[in-house]
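Reminder, nothing fancy here: chain letters follow the sequence lines and each chain counts from 1. In what follows, every heavy atom counts, from backbone to side chain, and hydrogens, waters and symmetry copies are set aside.
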Amino acid sequence: MNSLYNPKGVEERWQQTWEAEGHYRADPEAPGEPFSIALPPPNVTGNLHMGHALNASTQDVLNRWHRMRGFNVLWQPGYDHASISVHAVIERQLLAEGTNRFELGREAFVERTWKWLEEYGGIIMGQLRKLGASLDYSRERFTMDDAYIRAVYRFFVHLHGRGWVYKDNRIVNWCPGCRTSVSDLEVAYRDVDDALTRVRYPLADGSGSISIATVRPPTILGDVAVAVHPEDERYRELVGKEAVVPYVERQVPIVADARVDPAFGTGALKITPGHDATDFEIGRDHALPELTVIGLDGRMNEHAGDLAGATQEEAETRILDWLREHDQLEARESYRHSVGHCERSKDRIEPLITEQWYVDMRELAAPAAAAIRAGGVKFTPANQGGVALEWLEKIRPWNISRQLWWGQRIPAWYCPHGHTTVAESEPSTCAECGRAELRQDEDVFDTWFSSALWPFATLGWPEQTRELEVYYPTDVVSTARDIIFLWVARMMMAGQELTGAMPFHDVIIHSLVLASDGRRMSKSLGTGIEPDDVIDQYGADATRYGLLKMSSTQDVRFSQGFIEEGRKLANKLWNVARLILANAEGVKPDTRPQAFEEQWMIARLDEAHAEVTDSIASFEFARLAGALYRTTFDDFCDWYAEAIKPRLYDRDPDALATSLALLERLLAYLHPVMPHVTEEIWTALPDRRNRLIRAPWPKPDGRFSETQPPFEEIRNAAEIFRRSGAIVELDEEQRRIFEAVVKPDRVRADGDPTAEIERLRGEIARAEDMLGNERFVARAPEDVVEAEREKLARYRRELEALAG
RNA sequence: GGGCGUGUAGCUCAGCGGGAGAGCGCCCGCUUCACACGCGGGAGGUCACUGGUUCGAUCCCAGUCACGCCCACCA
């Protein structure tokens, strides 16, 4: 007889059945209170990683739990077009073919991208199916769907109408590899070993010189000033004079600005507004010119004189040579500092001045911040709300344009007079001058500009659909910490502005799943473990259980042990069901019999009900998994099933009927976490009409019994018995339990009852001391003290009876 | 420079004012008719360190040391 539970075939079969029978389908006209979650849209190009699997598991628990309680559930799936990531993939291919996107041209590039996606994109939904995620796959949406693009355009036009959208020529994070601007939030700072170069700038009047320190000599060509701290005594007299920039020999003013750190380097800062963010600010405040010497490709540009076209390395060498020749190179020392890199291409970010579209976020951020503060949107864990709040309160303009081709092209058109027309669909004439020769903006939107609309654009917004009416606002959004600003906060802002409501009331921030060595899981580091492989090895139920069990509010290291625990749990459940079902043919489940074992197990399940319900409601998924494990293993299998085993063999009808009823109940609790194995067992139960997946959750408060059976004393006695090996006086029923559960071989043959009893006396005495302490008694609530007293008195009585 | 967080059994982690816990691993014993992915028993911890608050501290407070992560324009 095969006694091992094999999830493989079972899970695939149920996944197909559930979907085919439409259990995941959301119908706005169906009965039941709505409950909806929008799955954070994964990148079309992506693969399911551990973080996705964990996040999907937590959301699936919530969805299945609500479905089982009769809610009308929608779990909305879909993909994000991930413009910059997709660019990276396609452009890598082009590079390998010896070409690039500019040679290929925009139209061909976009066409190629669609084609590539058709073939290789969108594999995650299949992986989520394999995990058992109960998404309504028939409603898959994509941020590049026509309808979705219309929503994005509506958003932009709306913001434009509010007067919050503008174009500006500012310094931005430019990625020379991706050839686009990049958001502050997508720049990762890493320590880099550079050289700090001290350079002497002669004064124009020949009266001396001032020295500066720089890590980027090529930017010297773009210097438009030298700045010192206004209170720096060393340089006070130089402010207002002019210095001569080396190599280009340009005369520039020496200005005073408090942003200069007098303690750094020489205390004098060269100002290059074209290539440094701080310098840009200082430059604007002092009305300095903005000179750019490095181009969009990262090479020296036409303003670099004879260095035009040179790489920065070449330029640096030439400039250093020049400085040496002119005796203006004072020092060059190694220097480690943090430098921004593009998160996608890993290229070093080049701060550059370019014209971009911006959104003024101030009025958008205020309601979102207010919602967090007032608790209308609640974060779990709570401190993450504080993090979001801080960001919202220091909100800065959002650069929403990207110089890419894959994405929603910005709906702004320019006429030859330089007027701009913003519209949801292509206008025939300029809104200002009526000219017909219009040219559409070349840029596309930042990916997050479109994903900000996800919870409602997927439901048909801006059309007033029935879906929107029923399922919006959604209930929960669950995601990782790294996109709180990029995504969560922006959904809140867009949701409030466009729909008048926060798009969800709960934000769950799940833990980051790290590799077992504590580093991030990553393919390049070889530290990644694919959920797919884990499911193949252990089953989807075990994987879901394991991920939930290891999750917490902290980052966690992936450890196989938890998954194995899940597999054991599934196997255990499978086997205990076989034990009961083997003898239960034709038996009707019933909870009326009240033998001691039944009473005990009923009480345990009632406690489990409370803990399961409570932990799901408060999003404590690790606690949920723990409660399920203990209830199944310790209570149901080790205690209860062992105790009633002889009666099952005797086909005692009470034991059979009750154990069936209790097993049903246990399956219901386990189903949200381990749907496949529970449904498999459920269908084997006699007289099943409903599916476990739909509304079989115990109602209304789920208690079997109103009163707790009086077995506390037996448990205490059993504990003393177990510890001491002494014999306890028991009535007949109690002895039966003891014989079944506390087996003879559990009693230590060489145990010393006298010493054990002494130890227990000591413990009780310590507790009595506490109760005798006036200050404790004065502070503790009366009923607590009273309860403790009674408990202790009982323990002592039992113990002394035992000893005597 | 700010902010958040973590240091508990060999490993991964719970617990967070009154008896130090789980799973895995380890040791001993079990071919007991659901399960050896099992059953029973057991070893293993000055709960990072120092001080404070308290009748009582792994838990609260302060500091120290180590390690994460996030935000910020240090050339």
Side-chain angles (χ1 to χ4, degrees), chain A residues 1 3-5 171 184-185 189 194 196-197 212-216 219 227 259-261 263-272 276-282 335 337-338 340 351 381 383-384 386-387 390-391 394 481-482 484-485 512 514 516 518-520 538 542 546 549-562 564-583 622-623 626 629-630 633-634 637-638 641-642 645 648-649 742-749 759-760 762-764 766-767 769-780 788:
Chain A
M1 172 169 36
S3 51
L4 281 187
Y5 169 62
I171 196 149
D184 288 345
L185 297 170
Y189 287 86
D194 263 333
L196 186 64
T197 309
I212 57 88
T214 180
V215 289
R216 300 190 60 197
T219 63
R259 278 164 286 200
V260 178
D261 176 3
F264 185 91
T266 62
L269 175 65
K270 73 189 208 53
I271 300 299
T272 320
D276 182 275
T278 308
D279 292 7
F280 180 83
E281 300 295 334
I282 293 176
Y335 178 60
H337 65 144
S338 86
N383 62 348
Q384 295 298 336
V387 175
E390 205 183 302
W391 184 76
K394 292 192 310 199
R481 187 167 52 246
D482 50 358
I484 293 178
F485 306 147
L512 233 51
L514 305 171
S516 51
R519 291 184 296 174
R520 274 190 101 117
Y538 298 98
K549 184 76 188 283
M550 75 179 86
S551 75
S552 69
T553 56
Q554 300 307 317
D555 294 346
V556 285
R557 299 175 180 209
F558 181 83
S559 65
Q560 210 121 297
F562 290 112
E564 276 162 14
E565 191 178 310
R567 179 179 60 181
K568 281 173 50 181
L569 181 57
N571 185 245
K572 192 74 178 173
L573 185 68
W574 170 254
N575 276 298
V576 80
R578 287 173 62 224
L579 168 70
I580 292 169
L581 290 169
N583 301 293
R623 190 181 136 213
Y629 186 91
R630 281 191 303 277
F633 247 86
D634 301 353
C637 295
D638 289 353
E642 286 301 326
K645 210 185 242 179
L648 290 179
Y649 294 149
V742 187
K743 294 176 185 169
D745 65 349
R746 288 198 201 179
V747 180
R748 253 187 311 179
R759 205 186 62 77
L760 290 170
E763 281 183 21
I764 291 174
R766 215 174 319 145
D769 277 355
M770 180 185 86
L771 283 175
N773 185 295
E774 278 175 36
R775 295 171 103 152
F776 169 79
V777 173
R779 283 182 211 178
E788 286 295 312

First encountered from the 5' end of RNA chain B, between A/Tyr649 and A/Lys568: A/Lys568
Base-pairing assignment for B/C60 (Watson-Crick or G-U wobble, both under 3.5 Å): B/G52
Protein-nucleotide distance (A/Ile484, atom CD1; B/C69, atom C1'), rounded to Å: 12 Å
Watson-Crick/G-U partner (both atom distances under 3.5 Å) of B/C39: B/G29
First encountered from the 5' end of RNA chain B, between A/Lys549 and A/Ala577: A/Lys549
For atom CG of A/Asp261 and atom C1' of B/C73, their distance in whole Å: 12 Å
Sugar-phosphate only, base, or nothing, as touched by A/Phe562 at under 4.0 Å among non-hydrogen atoms: base
Separation of atom CZ in A/Arg216 from atom C1' in B/C74, rounded to whole Å: 15 Å
Atom pair distance, as rounded to whole Å: CG in A/Asp555 and P in B/C13: 10 Å
For atom CZ of A/Arg557 and atom C1' of B/G7, their distance in whole Å: 11 Å
Base-pairing assignment for B/A66 (Watson-Crick or G-U wobble, both under 3.5 Å): B/U6
Between B/A75 (P) and A/Tyr335 (OH): distance, integer Å: 4 Å
Distance-only donor-acceptor test (3.5 Å): side chain A/Glu390, base B/A72: no
